[in-house]
Number of protein chains: 2
Amino acid sequence: MKIPIGLADDHQLFLKSLGLMLESFGEYEVVVEALNGKDLQHKLAHQKTIPDLMLLDVNMPLMDGVETTKWLSATHPGIKLIALSMKDDDKAIIDMFKAGCCAYLLKDTHPTELEKALKEIRLKGYYNADASNVNFRRLLMKAEEKQDVILTVKETQFLSFACSELTYKQIAAEMNLSERTIDGYRESLFQKFHVQSRVGLCLEALRRGFVTL
Amino acid sequence: MKIPIGLADDHQLFLKSLGLMLESFGEYEVVVEALNGKDLQHKLAHQKTIPDLMLLDVNMPLMDGVETTKWLSATHPGIKLIALSMKDDDKAIIDMFKAGCCAYLLKDTHPTELEKALKEIRLKGYYNADASNVNFRRLLMKAEEKQDVILTVKETQFLSFACSELTYKQIAAEMNLSERTIDGYRESLFQKFHVQSRVGLCLEALRRGFVTL
DNA sequence: CGGCGTACCGGGAAAAACCCCGTATTTCTA
DNA sequence: TAGAAATACGGGGTTTTTCCCGGTACGCCG
């Protein structure tokens, strides 16, 4: 009896070909393939065989890896979750582990490494590549120090305007507010982001993903 | 006799599994797999079977898709080049076509679409997904207007300082120049980037990849 | 040689950004 | 029901940015 395994990745080519590869290992049978978290929710609902393992891409539209991981560990705690990502992004790794996955693999992993990882997860319940194991402590530290800042709706709105060539006067007009008011938002964001100039604010906003280029 | 095909992608999992998929189509034989452009150069040098088709990832370390495409179309004009990318990035598409590839496929293409594309390329010499065909003209326009700006060494240096919380006075001190001088660099960069504020400059520098977060 | 481009520097002024001092409302929650 | 927290606004002020004007020095080239 083969081990049922599930896949979620928004890149169809990768999704399908990864499936082929897993089946070529001989021990696995792909029982569910999804393009994102939402898709996976629907497919699992009408699924007779629930997979033992799930490979989840971190970056997916509609419902991303983190959300999907949270949902899966809440509703299907029996499934072992493995994060798959192309970027070696500290924040993403932390988030996935916090959400409940038990391994994080990069997409440039060698197939034999993947096979080894899957075997180890089935036996020990977890797997860590040497590299990610080493600086795991550092990652957690980093995650704590840069704790998620919570912004209000207005602050978020102002922030995206601040990351443009508009002057504060123009932003005030755009938001139908007094210059003093946006002055206040600037001030509170400077504090929350620990910066002291608009350029710094802008840079931090990009780094933290509040705005995109 | 099967059709020899080559692959280049820095994500090993994708590389290997895509190979499996191509071979599962029945008509193709993967004769060369590379992790980047440099790797491909070495491997092609000691290669008895030169592939008819090459699938190239756009984003690779060491030597990326664009450079690899340029090199291949210069040294192996017989190989039909197909760009593979995960991002639907206008600039990347243009660059790859300009460098000499004859098709651009997204990684979330369906496998049957890939098979169709390969067949069409072998018959007609090119392939365009409907979507990318439609706004091709628009893309070219866009590519022209944002022509590559050439920066001097000092400008580049100043630019990275400008993308920080330093004041111009501090930057001047850092670069051992007068405030007036860096004033000149600011001015010339504003012109080159078509912006009128430091925030705009900063944003453009990021967008164009002159500085990173 | 004189013209030309480049890097470099200075003064001054207007605009924008930054940073205080306040007040006042609403809304939510301990 | 007191008190955060979010929202909104005003009058000051300094510093920084932005944008002009002007100039010198150096090398290159026809």
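Lettering follows sequence order; numbering is per chain, from 1.
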(message) Among residues at least two apart in sequence or on other chains, which ones pass side-chain contact (heavy atoms from CB on, under 4.5 Å) with T156(B)?
(response) L151(B)

(message) So, using side-chain contact (heavy atoms from CB on, under 4.5 Å) as the criterion, who are the partners of S164(A) when residues are at least two apart?
(response) L166(A), R198(A)

(request) Could you tell me which residues satisfy ring pair (Phe, Tyr, Trp, His ring centres under 6.0 Å) with F161(B), sequence neighbours excluded, listed by chain and number? (result) none

(message) Holding to ring pair (Phe, Tyr, Trp, His ring centres under 6.0 Å), I want the full list of residues that pass it with F14(B), two or more places apart in sequence or in another chain.
(response) F14(A)

[X]: partners by side-chain hydrogen bond (donor to acceptor under 3.5 Å, both in side chains), with sequence neighbours left out:
{"X": "D183(B)", "result": "R186(B)"}
{"X": "Q12(B)", "result": "none"}
{"X": "H76(A)", "result": "none"}

(message) The criterion is salt bridge (charged side-chain N to carboxylate O under 4.0 Å, His left out); which residues satisfy it with K107(A), sequence neighbours excluded?
(response) D9(A), D57(A)

(message) So if I take every side-chain heavy atom of K169(B) and compare against dC19(D), dT16(D), dC19(C), which nucleotide ends up nearest?
(response) dT16(D)

(message) Of the options dC18(C), dC19(D), dA16(C), whose atoms approach the side-chain atoms of R198(A) most closely?
(response) dC18(C)

(request) Spell out protein contact along nucleotides 9-15 of chain D as letters: B when the base is contacted, S when just the sugar-phosphate is, - when no protein heavy atom is under 4.0 Å; keep the 5' to 3' order. (result) BBBB---

(message) Whether Y185(A) contacts dA8(D) is assessed here as follows: a side-chain N or O lying under 4.0 Å from the phosphate OP1 or OP2. Is that the case?
(response) yes

(request) Evaluate the side-chain proximity of L159(B) to L201(B): yes if any heavy-atom separation is below 4.5 Å, no if none is. (result) yes

(request) Write out all pairs satisfying side chain to side chain donor-acceptor pair (under 3.5 Å) with one or both partners inside residues 43-52 of chain A, taking only residues at least two apart or from two chains. (result) D39(A)-K43(A)

For nucleotides 22-27 of chain D, which of its nitrogen or oxygen atoms have a protein nitrogen or oxygen under 3.5 Å away, and what is each distance?
none

(request) Within residues 152-161 of chain B, find the residues that approach DNA chain C with a heavy atom at under 4.0 Å, and present them sorted by residue number. (result) T152(B), K154(B)

